[in-house]
Protein chains: 2
Amino acid sequence: MITMEEAEIRSNIIKAMGHPVRLMTIEFLKEGTRSFSEIFSLFTLDKSTVSKHLLVLKEAGIITSQKTGSDMIYRLEVPCVTDFFGCVTAVIENNVRRQQVCLCKR
Amino acid sequence: MITMEEAEIRSNIIKAMGHPVRLMTIEFLKEGTRSFSEIFSLFTLDKSTVSKHLLVLKEAGIITSQKTGSDMIYRLEVPCVTDFFGCVTAVIENNVRRQQVCLCKR
DNA sequence: TGCCTTGTTGGTAACAATACCAACAAACCA
DNA sequence: TGGTTTGTTGGTATTGTTACCAACAAGGCA
């Protein structure tokens with residue numbers, strides 16, 4: 001079994017992925033490095049909001065950033081995180097199968 | 001790319017895993033079905049708090065429950081979620097390597 | 001029936017997360 | 001140099017999450 005302390009560290013990383021904007025960003029960066037403005041243009045959000053989401057991913061160690069010219073370039077540091085999405089899809093399909101589509105409320 | 005709506009559904013499932021208590025519970029259920037009282041005794045929390053954490057996992061479709069005698073038995077519905085923990089460990093190790101251990105704040 | 005045991009639900013207080021706007025800093029360009 | 005672009009940081013209002021206690025419901029057993 002895992003200790004409570006361990007669980008806390010792990011959940012911090014998972015929590016960082018638990019937001020639609022951050023999830024989409026990860027998916028986007030899976031295709032390669034992207035600039036801030038490219039990521040920003042995916043959403044209809046204030047630039048400060050996007051910047052803060054990227055900071056959350058950075059602090060979790062999931063992405064890194066690097067200033068290049070006038071652009072800030074973001075990179076997916078640990079691509080294996082996207083492997084997980086297949087399993088998330090399996091959960092969703094299982095929910096649909098069990099007609100519990102609308103139960104995922106958080 | 002993934003749509004915003006899709007990202008929302010997925011993030012709901014990931015969010016359900018993003019809490020130490022729920023993460024430990026998933027790890028525990030990986031070993032087999034467990035009763036409420038077995039799960040409850042892992043923590044020093046009020047029973048209502050534990051019950052609510054289990055509800056979150058249920059609503060996400062990650063676990064299921066079934067009344068058996070006087071006990072409520074919980075079961076991990078989609079075991080593949082634990083495959084992900086290996087990658088989370090990779091993130092942690094990468095953070096340590098880059099001396100960013102203390103940056104994972106959420 | 002009365003009373004444990006087992007777990008869920010409701011209420012609420014404390015805290016965390018998220019969004020916006022405004023202000024700022026750094027680099028680039030005219 | 002002065003203005004523009006690019007992104008971050010600070011402040012703050014709103015909303016969401018999590019914990020506790022209390023009350024309840026269902027089942028088992030004296």
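Letters go in sequence order (proteins before strands), and every chain restarts at 1. Nothing here was measured: the structure is a model prediction, and the numbers come from that model.
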Within this structure, what is the [atom1]-to-[atom2] distance between [X] and [N], rounded to whole angstrom?
{"X": "A/Asp46", "N": "C/dA19", "atom1": "CG", "atom2": "P", "answer": "10 Å"}
{"X": "A/Ile73", "N": "D/dT8", "atom1": "CD1", "atom2": "P", "answer": "11 Å"}
{"X": "B/Phe40", "N": "C/dG7", "atom1": "CZ", "atom2": "C1'", "answer": "10 Å"}
{"X": "A/Asn12", "N": "D/dT17", "atom1": "CG", "atom2": "P", "answer": "17 Å"}
{"X": "A/Glu8", "N": "D/dT18", "atom1": "CD", "atom2": "C1'", "answer": "13 Å"}
{"X": "B/Tyr74", "N": "C/dT6", "atom1": "OH", "atom2": "P", "answer": "14 Å"}
{"X": "A/Leu57", "N": "C/dA17", "atom1": "CG", "atom2": "C1'", "answer": "14 Å"}
{"X": "A/Met4", "N": "D/dT18", "atom1": "CE", "atom2": "P", "answer": "12 Å"}

Under 4.0 angstrom, heavy atoms only, what part of the nucleic acid is [X] near: base, sugar-phosphate, or nothing?
{"X": "A/Ser35", "value": "nothing"}
{"X": "B/Ser48", "value": "base"}
{"X": "B/Phe43", "value": "nothing"}
{"X": "B/Lys67", "value": "nothing"}

- Message: Nearest 0.5 angstrom please: A/Thr25 OG1 to A/Glu27 CD, how far?
- Response: 10.5 Å
- Query: Rounded to the nearest 0.5 Å, how far does CD1 of B/Ile63 lie from CD1 of B/Ile39?
  - Reply: 6.5 Å
- Query: Is atom CD of A/Glu31 surrounded by more than 12 heavy atoms (other residues, nucleotides or ligands) closer than 6.0 Å?
  - Reply: yes
Side-chain N or O of [X] less than 4.0 angstrom from OP1 or OP2 on [N]?
{"X": "B/His53", "N": "D/dA19", "result": "yes"}
{"X": "A/Ser51", "N": "D/dT8", "result": "yes"}
{"X": "A/Thr49", "N": "C/dC20", "result": "yes"}
{"X": "B/His19", "N": "C/dA17", "result": "no"}

Selection from [options] that lies nearest to any side-chain heavy atom of [X]:
{"X": "B/Lys52", "options": "D/dA19, C/dG7, C/dC20", "value": "D/dA19"}
{"X": "B/Lys47", "options": "C/dC28, D/dC20, D/dA23", "value": "D/dA23"}
{"X": "A/Asp71", "options": "D/dC20, D/dG7, D/dT9", "value": "D/dG7"}
{"X": "B/Ser70", "options": "C/dT6, D/dA19, D/dT8", "value": "C/dT6"}
{"X": "A/Leu45", "options": "C/dC20, C/dT8, D/dG7", "value": "C/dC20"}

- Query: Shortest non-hydrogen contact from B/Lys67 to B/Met72?
  - Reply: N-SD, 3.6 Å
- Side-chain touch B/Met24/B/Phe43, heavy atoms, less than 4.5 angstrom: yes
- Query: Between A/Phe36 and A/Tyr74, how do the two ring planes meet: parallel, tilted or perpendicular, split at 30° and 60°?
  - Reply: tilted
